[in-house]
Amino acid sequence: MTFAQIILPLNLKGTFTYKVPDVYLDEIEVGMRVLVPFRGKKIYTGIVTEIHQNAPEIFIPKEIISILDEFPILPNEQIRFWNWLSEYYLCNLGEIYRFAFPSSLKLESETYLKLKPNVTVDFELLEVNEMYLIQALEVRQLINLTEIEAFIPKKDIVKTINSLIDLKYIEVDEKIAEKYKAKEVAYLKIEDSVLKRNLPEILVELKRSPKQQELFLSILEKQTEHPEKPIRKSEIFAEGNYASTQLKSLSEKGLVQEYYLQKDRLEAYSGEMEELEKLTDSQLVAKSEIDAAFATGKNVLLHGVTSSGKTHIYLEKIQETVSEGKSVLFLLPEISLTKQIVQRLEKKYGKQLGFYHQKLTDFERVEVWRKVKNNELKVVIGTRNALFLPFQSLGLVIVDEEHDSMYRPREVSPYFNAKDSALVLAKTYGAMAILGSATPSVETYYLAKKGKLQYVYLGERFGNVKLPEYQLIDFKEAQDLKRVTGNFTTEVTEEIQNELHQKKQIMILHNRRGYANVVECESCGYVHYCSNCDVVMTYHKFSDEMKCHYCGQKATKPKFCPKCHSENLNVRGVGVEQIFEEISRIFPEAEIDRMDVDSMRKKFAYEKLYEKIENGETDIIVGTQMISKGLDFDDIELVVIPKADALLYVQDFRAEEKAYQLITQVSGRAGRISGKGKVMIQTYNPHHTVFQLIKENYSLKIYDHFLEERRKFLYPPFVKLILIELKHRREEKTNRASQFMGSILRKYLPEECILGPEKSPISKINLLYQYQILLKLPKGKKYSEYKNLVLKSFEEFDELPAYRSIKRIVFVDF
DNA sequence: AGCACGCCGACT
DNA sequence: GTCGGCGTGCTC
């Protein structure tokens with residue numbers, strides 16, 4: 001008797017044992033997908049992780065219904081990687097599976113199918129099951145696997161579905177994914193077949209509708225002028241000359257085609273491939289250091305100051321890897337900030353380059369998945385979920401902007417740090433890895449210092465351009481000298497004025513959304529709290545509403561105090577909207593734009609503003625941390641941080657590190673070409689160590705400072721942190737559960753390892769109360785021992801059924 | 001996770 | 001009298 005261990009897409013511990021039917025004995029392999037029954041009538045797509053002969057003793061396994069793949073879909077390396085993730089981050093394999101696979105590769109009973117819009121089905125070519133399914137779908141739009149069982153034998157269901165998906169007749173309905181739908185842009189084109197027709201003939205056809213004729217001609221003109229340049233629909237309608245009905249008639253007549261492209265693929269390049277530029281001397285040195293490290297099997301931290309040309313070096317290493325016949329994974333924190341690297345790689349690799357990120361539709365994901373599986377892609381640019389692609393022979397993994405916190409978002413499960421995981425993935429594939437950043441995380445820097453990573457430093461800007469100069473401005477002193485307007489010192493406004501005169505652009509960083517942090521009643525001190533969360537709501541003047549930044553709830557701004565009915569409501573806490581308003585008042589002549597999540601919410605708002613800045617139509621850009629990423633413009637020379645202290649006063653042991661990273665990153669936008677970059681930092685504490693060290697701009701010293709602090713107060717990289725969060729709708733229950741958890745942990749672990757339980761800093765989010773316990777565990781051998789004890793504690797906790805409704809989230813290395 | 005079973009409160 | 005809340009148990 002042969003059995004198989006199967007991962008199911010459920011948040012349950014471990015794998016499940018199924019019996020392999022004799023007919024499948026020859027076919028089944030580890031890494032294949034199988035269809036299995038679970039809990040009565042449910043069907044899931046599982047993954048085989050093990051095939052063995054050990055009959056389970058305490059239950060009777062069910063049989064595998066069918067095998068879905070001819071060949072394993074998941075490489076062994078990935079299975080090992082999943083196992084590592086599950087053990088290291090204390091999460092279930094099922095969660096990883098769910099996160100890793102595009103949904104149409106893991107059909108389950110609740111997966112809904114639908115007919116693709118506007119398809120004509122050729123029934124002649126369909127086999128009987130396929131026909132049944134199409135007919136059923138014609139009657140009702142959505143149908144799920146359980147329902148299909150009524151008319152197709154279980155065994156054949158998935159085969160039928162897959163074949164119809166391949167024929168492009170049906171698709172998987174994305175109920176949840178709808179929200180994240182990739183942004184698409186409408187384009188227009190005139191088909192070749194139309195172009196071949198005789199033009200006067202077409203014009204005669206359109207004689208009776210002159211507007212259509214005009215529209216057709218204008219599209220034709222654009223298309224003939226720049227045959228490679230796609231024509232945006234919005235571009236045609238922007239001038240307001242045409243109505244959409246006219247376009248509609250043209251497309252009905254088959255003269256003009258409307259089609260859609262992914263926003264990220266706008267730059268899709270179809271021209272000839274480009275050779276790489278030569279490396280500069282300092283880049284050559286860095287590259288040879290990388291080569292030497294790789295030769296000894298050591299991965300690299302590439303610490304390159306802003307504009308030092310890390311990208312050049314990446315490109316060089318990518319090319320080497322590809323020419324060895326291996327593929328490359330290039331990780332980015334977010335897909336939107338990729339213009340330069342994407343353009344350059346696209347020119348070089350054309351069709352052998354793929355993108356994989358959270359915003360793709362399921363269909364697009366499967367496409368990339370398939371290509372990676374077939375080894376058609378040499379280079380994949382992607383966000384953290386690209387770690388799970390079925391690479392065949394990975395040779396190099398690059399993690400760009402390795403310090404970026406987007407590599408470990410706290411809100412999506414499973415919780416893992418993509419930067420650390422990338423190193424493990426590389427190792428399982430026998431690939432090398434480069435972590436790159438202008439401001440490495442303290443942990444990574446420490447690894448390099450310890451020699452676990454090779455430290456490669458690029459301290460020179462490309463073209464030997466000077467680094468920006470920092471100026472610390474004592475705000476208190478300026479106030480005393482009455483040289484202050486609102487949140488700006490005269491020194492700063494004069495400098496801005498000066499830059500404006502020289503037609504240079506200015507960036508102002510203020511990392512706080514909205515207009516005001518707090519709306520407060522002057523008479524009784526009442527402040528407006530979110531009804532779902534334990535946080536004050538932020539006032540957004542632009543949209544004139546109160547927003548909760550944690551649950552997204554919106555409310556109207558109160559006109560009077562609900563408690564004492566006083567109309568004396570005041571706002572406190574400066575947000576970016578206020579800074580924007582102020583600067584607009586001080587410089588009424590200047591063109592000023594604001595860039596933050598709230599102002600960039602509209603479709604293409606980001607692209608539009610990007611273009612505007614690039615064209616030099618914007619003088620001053622006011623924004624949150626968003627402006628520190630991906631905006632490389634030549635004419636920015638001045639960066640102002642009016643309220644820099646706000647960056648430091650955050651309840652987070654990484655606050656100083658993050659402040660340093662943010663300030664350095666945004667400063668990197670200044671003087672990239674001219675070398676005359678200047679950064680003005682207004683602060684009440686000009687003598688604060690962090691500001692002083694930033695001003696000195698000597699990175700070794702600042703990292704030593706951070707490391708010293710971390711060592712003193714026992715934080716990573718000197719200890720391992722595990723944060724346990726317990727959540728429930730009822731506060732009392734959450735509190736009791738956390739006390740109970742604390743007492744169990746204290747049974748097994750030394751007292752000094754356990755902090756809490758205590759209320760989380762934000763004690764309620766989305767109606768759930770939160771308590772937390774922070775574990776500070778020693779590194780090294782002891783760590784795995786202690787971690788097992790933590791697991792044991794969890795098991796003990798779970799034995800008490802009363803607390804089973806408590807949600808538990810565990811962050812390892814948080 | 002998700003689903004069924006079972007036990008107690010506010011409604012036609 | 002029932003509908004529906006969620007606590008509990010179980011899934012190969």
Side-chain angles (χ1 to χ4, degrees), chain A residues 1-22 24-25 28 30 32-68 79 82-83 85-86 89-101 103 106-112 144-147 149 154 175-177 411-416 725-737 740-741 766-769 794-810:
Chain A
M1 290 263 263
T2 303
F3 303 92
Q5 292 307 119
I6 311 288
I7 304 177
L8 294 180
L10 300 168
N11 192 4
L12 290 171
K13 225 179 122 203
T15 54
F16 293 83
T17 312
Y18 283 84
K19 187 183 168 328
V20 182
D22 294 344
Y24 292 134
L25 278 178
I28 196 160
V30 167
M32 284 179 171
R33 290 175 305 151
V34 290
L35 211 59
V36 294
F38 188 77
R39 212 184 186 285
K41 52 188 178 194
K42 287 218 119 210
I43 303 173
Y44 291 100
T45 304
I47 310 263
V48 181
T49 57
E50 210 186 317
I51 298 164
H52 58 87
Q53 261 63 244
N54 315 322
E57 283 160 22
I58 37 173
F59 57 88
I60 301 147
K62 293 185 176 171
E63 283 203 356
I64 289 170
I65 298 169
S66 64
I67 298 184
L68 304 182
I79 297 180
W82 290 21
N83 279 318
L85 280 169
S86 148
Y89 289 107
L90 308 175
C91 60
N92 290 318
L93 283 166
E95 284 180 274
I96 300 170
Y97 172 33
R98 279 187 167 192
F99 184 83
F101 265 56
S103 43
K106 49 175 173 20
L107 303 173
E108 56 184 80
S109 357
E110 287 307 310
T111 306
Y112 281 83
N144 74 27
L145 296 209
T146 321
E147 292 159 347
E149 266 177 66
K154 262 190 186 179
K175 280 172 297 187
I176 314 130
E411 35 289 305
V412 265
S413 95
Y415 176 82
F416 66 94
E725 256 180 19
L726 300 175
K727 306 189 186 200
H728 194 269
R729 283 184 310 109
R730 280 167 40 211
E731 171 155 29
E732 200 20 53
K733 187 160 181 165
T734 324
N735 186 9
R736 267 185 287 121
F740 181 55
M741 177 67 91
N766 250 326
L767 297 173
L768 294 180
Y769 287 92
F794 288 169
E795 274 165 31
E796 208 170 310
F797 181 87
D798 291 336
E799 272 167 29
L800 206 74
Y803 291 140
R804 249 188 32 112
S805 55
I806 302 261
K807 225 188 176 128
R808 177 172 72 225
I809 309 171
V810 182

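These values consider heavy atoms only, across backbone and side chains, with no hydrogens, waters or symmetry-generated copies.
Relative to the side chain of A:R730, the nucleotides C:dG7, B:dA4, C:dT8 differ in distance, and C:dG7 lies closest.
Nucleic acid contact for A:F59: base, since at least one base atom lies under 4.0 Å from a heavy atom of the residue. The residue A:T17 sits close to a base: some heavy atom pair falls under 4.0 Å. Within 4.0 Å of A:P801, counting heavy atoms only, lie sugar-phosphate atoms of the nucleic acid but no base atom.
Rounded to a whole Å, the CD atom of A:Q5 is 13 Å from the P atom of C:dC12. With rounding to whole Å, A:L8 atom CG is found 13 Å from C:dT11 atom P. Residue A:L800 contributes atom CG, which lies 10 Å from atom P of C:dG9 at whole-angstrom precision. Rounding to whole angstrom units, CD1 of residue A:I58 and P of C:dC10 are separated by 13 Å. The nearest whole Å value for the distance from the CD1 atom in A:I60 to the C1' atom in C:dC10 is 15 Å. Note: CZ (A:R39) to C1' (B:dC3) measures 5 Å, nearest angstrom. When the C1' atom of C:dG9 is taken as reference, atom CG of A:D798 falls 13 Å away, rounded to whole Å. Computed from coordinates, the A:Y803 OH to C:dG9 P distance equals 15 Å when rounded to whole Å.
When side chains are defined from C-beta on, A:I6 does not count as touching A:T15, because their heavy atoms never get closer than 4.5 Å. Looking at A:T45 and A:L35, their side chains come closer than 4.5 Å, going by heavy atoms from C-beta outward.
If you check distances only, the side chain of A:R804 never reaches the base of C:dG7 with a donor-acceptor pair under 3.5 Å.
With A:K733 contributing its side chain and A:A802 its backbone, the two residues share a donor-acceptor pair below 3.5 Å. A:S86 contributes a side-chain N or O that, together with a main-chain N or O of A:C91, makes up a donor-acceptor pair within less than 3.5 Å.
For the pair A:K42 and B:dC3, the criterion of a side-chain N or O lying under 4.0 Å from OP1 or OP2 is met. Put simply, A:R729 has a side-chain N or O that comes within less than 4.0 Å of OP1 or OP2 on C:dC6.
Using the six-membered ring where Trp is involved, A:F740 and A:Y803 have ring planes that are tilted, between 30° and 60° apart.
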